[in-house]
Amino acid sequence: PGLEVPAVCADYTRNFVLPQPASKPDAVPVIFFPGSTVGNFAPADAEIFLQRIAALIRGGDLLIGVDLKKDAAILNAAYNDKGGVTAAFNLNLLARANRELGADFDLGAFSYVPFWDGAMERMDLRLRSEAPQHVRIPGADLELDLALGEEIRVEISTKFRTHLIAEELTEAGFGVERVWDDGDGVPTGDFALTLARRR
């Protein structure tokens with residue numbers, strides 16, 4: 001009941017100020033970054049993000065969730081589900097561009113192409129143009145020509161190994177305190193939470 005949670009409306013990919021609770025001006029911050037959103041960053045951007053968080057919380061803690069590397073067949077099945085939910089989710093990006101930016105993407109002229117990139121250890125999700133098309137996006141003052149088979153990358157989702165996320169946190173200025181995963185006694189499971197303290 002005594003927990004004070006100050007709200008911050010900010011873009012976490014840019015610098016912002018973390019307010020100190022009025023009742024405890026010397027409070028040590030704890031940032032909880034759940035899910036596996038850090039996996040959606042390109043490696044260089046993930047590094048910058050972790051450095052930004054380290055600078056933001058000086059002396060505080062970070063609890064971060066990451067999706068762990070697993071068999072490619074499991075990942076491909078998850079990102080290309082039989083119900084087509086993930087495909088619809090990704091095609092919705094073009095639908096939103098049409099609705100909110102006045103674009104004229106032909107949604108029926110795209111197929112969903114997810115695949116495991118073993119070299120980068122990430123899922124790569126793309127939309128492939130199944131016909132040549134010229135697209136206007138007035139809200140972005142942009143026009144583009146898509147060739148037959150040309151792809152638009154809509155998402156990446158890096159899968160981590162616990163020792164590698166620990167290395168990335170260490171490079172950003174954290175010391176890893178503890179790691180929890182759902183491995184039920186085996187070295188790694190499907191998902192991990194890492195508690196890291198700013199050094």
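This is a predicted model, so every value here is computed, not measured.
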Q: Do Val30 and Val28 share a hydrophobic cluster (ILVMFWY, side-chain heavy atoms under 4.5 Å, transitive)?
A: no
Q: Could you pull out the closest heavy-atom pair between Arg128 and Gly149, with the gap in Å?
A: CG-O, 3.6 Å
Q: Just so I know, are the side chains of Leu50 and Leu62 near enough to count as touching, which here means a heavy-atom distance under 4.5 Å?
A: yes
Q: Does the side chain of Phe16 reach to within under 4.5 Å of the side chain of Asp11, using non-hydrogen atoms?
A: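 A side-chain contact is absent here, since even the closest heavy-atom pair is not under 4.5 Å.
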Q: Below 4.5 Å, heavy atoms only, C-beta onward: do Arg52 and Leu56 meet side chain to side chain?
A: no
Q: Val176 versus Leu195: any side-chain heavy-atom pair under 4.5 Å?
A: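 With C-beta onward as the side chain, the pair stays apart.
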Q: Taking the side chain from Ser36 and the backbone from Asp67, do they hold a donor-acceptor pair closer than 3.5 Å?
A: yes
Q: Considering non-hydrogen atoms only, spot the tightest contact between Leu68 and Gly189 and give its length.
A: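 Where Leu68 meets Gly189 most closely, the heavy atoms are CD1-O, 3.4 Å.
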Q: Over all heavy atoms of both residues, which pair between Ala172 and Ala54 is shortest? Give the atoms and the distance, please.
A: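 What the structure gives for the nearest pair is O-CB, 3.2 Å.
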Q: Test of understanding: with ring-ring contact (aromatic ring centres under 6.0 Å, His included), list the residues that count as partners of Tyr12, not counting sequence neighbours.
A: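 Phe33, Phe49.
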Q: Quick one: do Ile156 and Ile152 end up in the same hydrophobic cluster if we chain Ile, Leu, Val, Met, Phe, Trp and Tyr together by side-chain heavy atoms under 4.5 Å apart?
A: no
Q: Determine yes or no for a side-chain-to-main-chain donor-acceptor pair under 3.5 angstrom, with Asp104 supplying the side chain and Ile137 the backbone.
A: no
Q: Run the numbers on Val113 and Glu151 for side chain to side chain contact (heavy atoms under 4.5 Å, CB included), then give the verdict.
A: CA-CA 9 Å; Val113 184; Glu151 296 175 346; 4.1 Å; yes
Q: Looking at Ala46 and Glu168, what are the two nearest heavy atoms and their distance?
A: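 Answer, listing the atom of Ala46 first, then Glu168: CB-OE1, 4.5 Å.
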Q: Between the side chain of Asp182 and the main-chain N/O of Phe191, is any donor-acceptor distance below 3.5 Å?
A: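 Yes.
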Q: Quick one, Ile74 and Asp190 - any side-chain contact, counting heavy atoms below 4.5 Å?
A: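 Not touching, per the 4.5 Å side-chain cut-off.
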Q: Is there a path of hydrophobic side-chain contacts, each under 4.5 Å between heavy atoms of I/L/V/M/F/W/Y residues, joining Ile64 to Leu193?
A: no
Q: Per the ring-ring contact (aromatic ring centres under 6.0 Å, His included) rule, what does the pair list look like for residues 124-179, sequence neighbours excluded?
A: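 Sorted pair list comes back empty.
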Q: Will you find, in the side chains of Glu150 and Ser129, an N or O donor that is under 3.5 Å from an N or O acceptor?
A: no
Q: With a 4.5 Å limit on heavy-atom distance, are the side chains of Leu63 and Thr194 in contact?
A: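 Side-chain contact under 4.5 Å: no.
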Q: Quick one: does any side-chain atom of Asn92 pair with a main-chain N or O of Ala88 as donor and acceptor, under 3.5 Å?
A: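 Side chain of Asn92 to backbone of Ala88: no pair is present.
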Q: For residues Leu148 and Phe110: do they belong to one hydrophobic cluster (side chain heavy atoms under 4.5 Å, members Ile, Leu, Val, Met, Phe, Trp, Tyr)?
A: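 No: no chain of side-chain contacts under 4.5 Å links Leu148 to Phe110.
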Q: What distance separates Arg126 CZ from Ser111 OG, expressed to the nearest 0.5 Å?
A: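 Output value for this atom pair is 12.0 Å.
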Q: What's the verdict on side chain to side chain contact (heavy atoms under 4.5 Å, CB included) for Met123 and Asn76, showing C-alpha distance, side-chain angles and the deciding distance?
A: CA-CA 8 Å; Met123 287 299 297; Asn76 282 315; 3.5 Å; yes
Q: Are side-chain heavy atoms of Leu75 and Lys70 found at a separation under 4.5 Å?
A: yes
Q: Are any non-hydrogen side-chain atoms of Asp61 and Ile31 less than 4.5 angstrom apart?
A: no
Q: Supply the atom-to-atom distance Ser157 OG to Trp116 CH2, rounded to the nearest 0.5 angstrom.
A: 9.0 Å
Q: Can you establish whether the number of heavy atoms outside Asp141 located under 6.0 Å from its atom CG is more than 12?
A: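 Open.
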Q: Which value, rounded to the nearest 0.5 Å, describes the distance between Leu93 atom CG and Phe105 atom CZ?
A: 10.0 Å
Q: Could you walk me through whether Tyr79 and Asp81 pass the side chain to side chain contact (heavy atoms under 4.5 Å, CB included) test, one step at a time?
A: CA-CA 6 Å; Tyr79 284 87; Asp81 58 284; over 6 Å; no
Q: Would you indicate whether Phe89, at its atom CZ, is surrounded by more than 12 heavy atoms from other residues, nucleotides or ligands within a distance under 6.0 Å?
A: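 No, the 6.0 Å shell around CZ holds no more than 12 heavy atoms from other groups.
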Q: Just verifying a value: how many Å separate Thr13 OG1 and Ile48 CD1, rounded to the nearest 0.5 Å?
A: 10.0 Å
Q: Quick one: does any side-chain atom of Arg58 pair with a main-chain N or O of Arg199 as donor and acceptor, under 3.5 Å?
A: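 Here the side-chain-to-backbone pair does not exist.
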Q: Indicate whether any N or O donor in one side chain lies under 3.5 Å from an N or O acceptor in the other, for Glu155 and Asn40.
A: yes
Q: Suppose we screen for salt bridge (charged side-chain N to carboxylate O under 4.0 Å, His left out). Which residues come up paired with Glu171, at least two apart in sequence or across chains?
A: none
Q: Between Thr86 and Tyr112, does any side-chain donor sit less than 3.5 Å from a side-chain acceptor?
A: no
Q: At their closest point, which heavy atom of Pro43 faces which heavy atom of Met120, and how far apart are they?
A: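 Looking at all heavy atoms of both residues, the closest pair is CG-CE, 4.0 Å.
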Q: Leu169, Leu164: one ILVMFWY side-chain cluster at the under-4.5 Å cut-off?
A: no
Q: What is the distance from atom CG of Asn98 to atom CG of Leu107, rounded to the nearest 0.5 Å?
A: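 Rounded to the nearest 0.5 Å, the CG-CG separation comes to 5.5 Å.
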Q: Is the backbone of Arg122 close enough, under 3.5 Å, to the side chain of Asp117 for a donor and an acceptor to pair up by distance?
A: no
